[in-house]
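Here's the structure, in structure tokens; my notes come after.
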Amino acid sequence: MTRYKGTIRQSATVIRADASEIEVEVCRPEACAACKAKSVCSDGGGQGKRMTLVNDGQGYRVGEQVTLVMRRSSGLKAVVIAYLVPVFLIVAALLVLQAANVKETTAAVLTLGILGLYFVVVRLLRGRINRQLTIEIEKEIEA
């Protein structure tokens with residue numbers, strides 16, 4: 001993963017391309033080769049992570065190397081939505097419920113309910129969120 005000012009870039013390989021979508025595989029086999037946990041890794045043990053993206057009509061071919069580009073601000077929004085807001089919701093809910101002298105087990109269940117409701121709302125708004133968190137594809141220049 002290469003970081004430029006304002007963007008994050010990652011090489012990928014096209015594994016499927018049609019008129020509307022392309023599927024790419026992002027892999028860093030050099031990072032996985034010596035890892036003892038690769039068989040249980042969420043990245044697939046060196047097989048790579050597959051992503052389906054909108055085809056922008058640049059004529060991608062299977063096996064072609066491309067560069068995925070994401071703005072840092074998009075990455076920051078994703079981190080806030082997935083990690084920071086839920087943590088703040090949990091802490092705030094527990095503090096408010098504790099101040100209201102609610103029993104601990106009831107407070108825990110209510111907090112989990114609030115967290116579940118948050119993720120339902122995120123799921124319902126995923127279309128809007130996906131439009132804001134975009135990944136662009138650039139063809140790599142062959143030398």
Side-chain angles (χ1 to χ4, degrees), residues 1-99 102 104-143:
M1 184 178 341
T2 309
R3 295 170 192 243
Y4 292 93
K5 187 173 186 169
T7 62
I8 299 171
R9 298 173 173 267
Q10 176 71 51
S11 292
T13 304
V14 176
I15 55 174
R16 182 182 59 82
D18 61 34
S20 61
E21 297 179 335
I22 69 167
E23 188 173 355
V24 297
E25 185 174 55
V26 179
C27 184
R28 292 185 35 210
E30 68 278 359
C32 299
C35 181
K36 294 179 182 176
K38 66 183 171 186
S39 64
V40 295
C41 181
S42 64
D43 284 340
Q47 293 177 334
K49 190 167 267 191
R50 292 182 177 204
M51 301 171 66
T52 302
L53 305 167
V54 176
N55 191 340
D56 58 6
Q58 292 189 38
Y60 299 103
R61 297 180 319 270
V62 173
E64 182 178 17
Q65 292 292 314
V66 294
T67 302
L68 304 179
V69 181
M70 184 173 76
R71 288 188 313 270
R72 283 185 181 267
S73 61
S74 292
L76 185 59
K77 282 180 190 176
V79 168
V80 167
I81 291 168
Y83 298 109
L84 294 180
V85 171
V87 167
F88 287 127
L89 274 176
I90 291 169
V91 171
L94 286 174
L95 289 174
V96 168
L97 292 170
Q98 192 175 36
V102 176
E104 289 180 1
T105 54
T106 306
V109 170
L110 288 173
T111 299
L112 289 176
I114 291 168
L115 191 61
L117 183 62
Y118 169 75
F119 282 116
V120 166
V121 170
V122 168
R123 178 78 174 167
L124 292 173
L125 296 175
R126 73 181 178 272
R128 178 182 285 175
I129 294 169
N130 283 341
R131 283 190 295 277
Q132 292 177 357
L133 306 177
T134 58
I135 297 175
E136 299 172 6
I137 310 164
E138 291 180 352
K139 280 190 151 194
E140 290 189 1
I141 300 170
E142 297 177 16

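Every heavy atom of this structure was used, including side-chain atoms; hydrogens, water molecules and symmetry mates were not. Nothing fancy with the numbering, it's 1 onward along the sequence.
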Open item on the list: Please give me the minimum heavy-atom distance between V26 and S11, naming the atom from each residue.
Closed with: CG1-O, 3.9 Å
Task: Spacing of I81 atom CD1 and I129 atom CD1 [to the nearest 0.5 Å] - done: 4.5 Å
- [ ] Flag the pair V109 / T105 as yes when at least one side-chain heavy-atom distance between them is below 4.5 Å, and no otherwise.
- [x] no
TODO: Return the minimal non-hydrogen interatomic distance between R123 and R126, and the atom names on each side.
DONE: O-NH1, 3.0 Å
Task: I22 side, atom CD1; T52 side, atom OG1 - distance, nearest 0.5 Å - done: 9.0 Å
- [ ] Quick one: pull up CE in M51 and CD in E23 and give me the separation to the nearest 0.5 Å.
- [x] 10.5 Å
TODO: Please say whether more than 12 non-hydrogen atoms of neighbouring residues, nucleotides or ligands are located less than 6.0 Å from CZ in F88.
DONE: no
TODO: Can you see which heavy atom on L115 is nearest to which on P86, and at what distance?
DONE: CD1-CB, 3.6 Å
Task: Residue Q98 excluded, over 12 heavy atoms near CD under 6.0 Å - done: no
Task: Gap separating the OG1 atom of T13 from the CD atom of Q65, nearest 0.5 angstrom - done: 3.5 Å
Open item on the list: I need the R50 CZ to R16 CZ distance, nearest 0.5 Å.
Closed with: 9.5 Å
TODO: Could you check Y60 against I137 for side-chain contact (heavy atoms from CB on, under 4.5 Å), going step by step and ending with a plain yes or no?
DONE: CA-CA 10 Å; Y60 299 103; I137 310 164; 3.4 Å; yes
Open item on the list: For a quick test of reading the model, state the closest non-hydrogen atom pair linking A93 to T111 and the distance between them.
Closed with: CB-OG1, 3.8 Å
Task: Pairwise distance CD(E136) to CG(L53) - rounded to 0.5 angstrom - done: 11.0 Å
